[in-house]
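Data first, discussion second: the structure below is written as structure tokens.
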Amino acid sequence: MESSVVMKKGIPGSTLKIIAITTMFIDHIGAVIFERILTANGFYLINMNDAQSFSDFMDKNGTVFILDTVFRLIGRLGFPIFCFLLIEGFLHTRNVWKYAFRLFLFAIVSEVPFDLAFRSSMFSIGYQNVFFTLLMGLLAITLIQMAEKKLSANKVLQYLLIVPITVVFMLIAGFLRCDYGSMGVLTIVIMYLFHKSRIWEMAGGCAVLTCMSLSEITAFIALIPVYKYNGERGLNLKYIFYAFYPVHLLLLYLITHFLGIADAFKIFF
């Protein structure tokens, strides 16, 4: 007798992960390589009130400028999908503290590659990688869920506790200067609160990000793949998913070193 496996329509979680890391990689090509090229070529020395200076710069660097803009806009899809996957993992994990420890571990491992990529330095306290943001968001929604369970008979108190819990972790993320900062934590909390509807979950998160910066508006495109998510795990990409982050940052930094522009960002820090 032949056995048949019924596949659900849509895309599994592993495909969402691939979309997230691919758009993140595209974003970081722009942020790490293209923006170093522009900086090394004097973009931040241009007097923006001098139309001729800007025109001369664009004549020589217009292609890189356009590519950087396009790559960064594509990259805006990555973070909300990461947040969605974080919440899915949180809702299905057997041990949230192991999940939190794993995020913390990779946050530590990723910090040197992150600082090299974005600060041209092996150590910088001025900007922390996105794993710290995801960790702060995870801790926030963990406490919110605990409050929901402990106070299941008192909805008003549940809602009242959401605000201080969220604010505390937003302040921590802001103080640590994590990637996406306090608004990144707020994004995760808002998405968790609306997680029973994927459309509202993603729309709420993308709206928060767009309030942070209008350049985040292309994040709304992430609603399409998340809407197609079929709830299945798909391929087991858990550790590949985690390891890709520090590895690709280190690779991009090494490319800038090969191009002779690795220290371009040092003029800012």
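This structure is a prediction, so every number in the text was calculated from the model and none was measured.
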State, with a plain yes or no, whether a side-chain heavy atom of [X] is found less than 4.5 Å away from one of [Y].
X: F84; Y: M191; result: yes
X: N41; Y: K60; result: no
X: P225; Y: I81; result: yes
X: I74; Y: T218; result: no
X: L138; Y: I188; result: no
X: L77; Y: F220; result: no
X: C206; Y: L223; result: yes
X: F123; Y: E111; result: no

So, applying ring pair (Phe, Tyr, Trp, His ring centres under 6.0 Å) with H28, which one of F118, F34, F244 is it?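 With H28 as partner, ring pair (Phe, Tyr, Trp, His ring centres under 6.0 Å) holds for just one option, F118.
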Applying ring-ring contact (aromatic ring centres under 6.0 Å, His included), name anything that partners Y180, two or more places apart in sequence or on another chain.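 With sequence neighbours excluded, Y180 shows a ring-ring contact (aromatic ring centres under 6.0 Å, His included) to F79, given in chain and number order.
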Got a donor-acceptor contact below 3.5 angstrom from the [X] side chain to the [Y] backbone?
X: D27; Y: T23; value: no
X: R76; Y: R72; value: yes
X: E232; Y: P12; value: no
X: H248; Y: Y245; value: yes
X: N61; Y: V64; value: no
X: T133; Y: G181; value: no
X: T15; Y: I11; value: no
X: S55; Y: A51; value: no

To check you understand the geometry: which heavy-atom pair defines the closest contact between [X] and [Y], and what is its length?
X: T166; Y: V185; value: O-CG1, 4.5 Å
X: G13; Y: L85; value: O-CD2, 4.2 Å
X: L209; Y: P80; value: CD1-CD, 4.0 Å
X: F132; Y: C178; value: CB-SG, 3.6 Å
X: A147; Y: L161; value: CB-CD1, 4.1 Å

Co-membership, hydrophobic cluster, residues [X] and [Y], 4.5 Å side-chain:
X: V109; Y: L254; value: no
X: I125; Y: F175; value: no
X: L250; Y: I240; value: no
X: L135; Y: L105; value: no
X: I224; Y: L16; value: no

Separation of [Y] [atom2] from [X] [atom1] (nearest 0.5 Å):
X: L45; Y: T39; atom1: CG; atom2: OG1; answer: 9.0 Å
X: S14; Y: N236; atom1: OG; atom2: CG; answer: 9.5 Å
X: L139; Y: I172; atom1: CG; atom2: CD1; answer: 8.0 Å
X: R119; Y: Y253; atom1: CZ; atom2: OH; answer: 14.0 Å
X: M136; Y: I141; atom1: CE; atom2: CD1; answer: 12.5 Å
X: M58; Y: I46; atom1: CE; atom2: CD1; answer: 8.5 Å

Crowded around Y242 OH? As in, over 12 foreign heavy atoms under 6.0 Å?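 Yes, because the 6.0 Å sphere around OH of Y242 holds more than 12 heavy atoms from other groups.
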Check the surroundings of atom CD1 in I217: do more than 12 heavy atoms from other residues, nucleotides or ligands lie under 6.0 Å from it?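 No.
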Between the side chains of D179 and N129, is a donor N or O closer than 3.5 angstrom to an acceptor N or O?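 Not at all, the side chains of D179 and N129 share no donor-acceptor pair under 3.5 Å.
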Would R36 and S120 count as a side chain to side chain donor-acceptor pair (under 3.5 Å) here? Give the steps. CA-CA 10 Å; R36 267 187 171 85; S120 301; 3.0 Å; yes
Aromatic ring proximity, centroids under 6.0 angstrom, F82 and F241: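 F241 vs F82: aromatic centres under 6.0 Å.
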In this structure, is the centre-to-centre distance between the rings of F131 and F114 below 6.0 Å? no
Under the side-chain hydrogen bond (donor to acceptor under 3.5 Å, both in side chains) rule, collect the residues that match up with Q158, sequence neighbours excluded.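 Per chain and number, Q158 pairs via side-chain hydrogen bond (donor to acceptor under 3.5 Å, both in side chains) with no residue.
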Going through the checks in order, is the side-chain contact (heavy atoms from CB on, under 4.5 Å) test met by H195 and L91? CA-CA 10 Å; H195 76 266; L91 293 172; 3.5 Å; yes
Is the shortest distance from a Lys or Arg side-chain nitrogen in E201 or K196 to a carboxylate oxygen in the other one below 4.0 Å?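 No, E201 and K196 are not salt-bridged.
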List the steps, then state whether side-chain contact (heavy atoms from CB on, under 4.5 Å) holds for L116 with M122. CA-CA 5 Å; L116 286 171; M122 289 190 67; 3.7 Å; yes
Ring-plane angle category for F43 and F65, please: parallel below 30°, perpendicular beyond 60°, tilted otherwise.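 Plane angle between 30° and 60°, so tilted.
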Determine, step by step, whether N95 and Y99 satisfy the side-chain contact (heavy atoms from CB on, under 4.5 Å) criterion, reporting the C-alpha distance in whole Å, the side-chain angles of both residues, the deciding distance to 0.1 Å, and the verdict. CA-CA 7 Å; N95 190 324; Y99 191 9; over 6 Å; no
Show your reasoning for whether side-chain contact (heavy atoms from CB on, under 4.5 Å) applies to F169 and I165. CA-CA 7 Å; F169 286 99; I165 291 172; 4.3 Å; yes
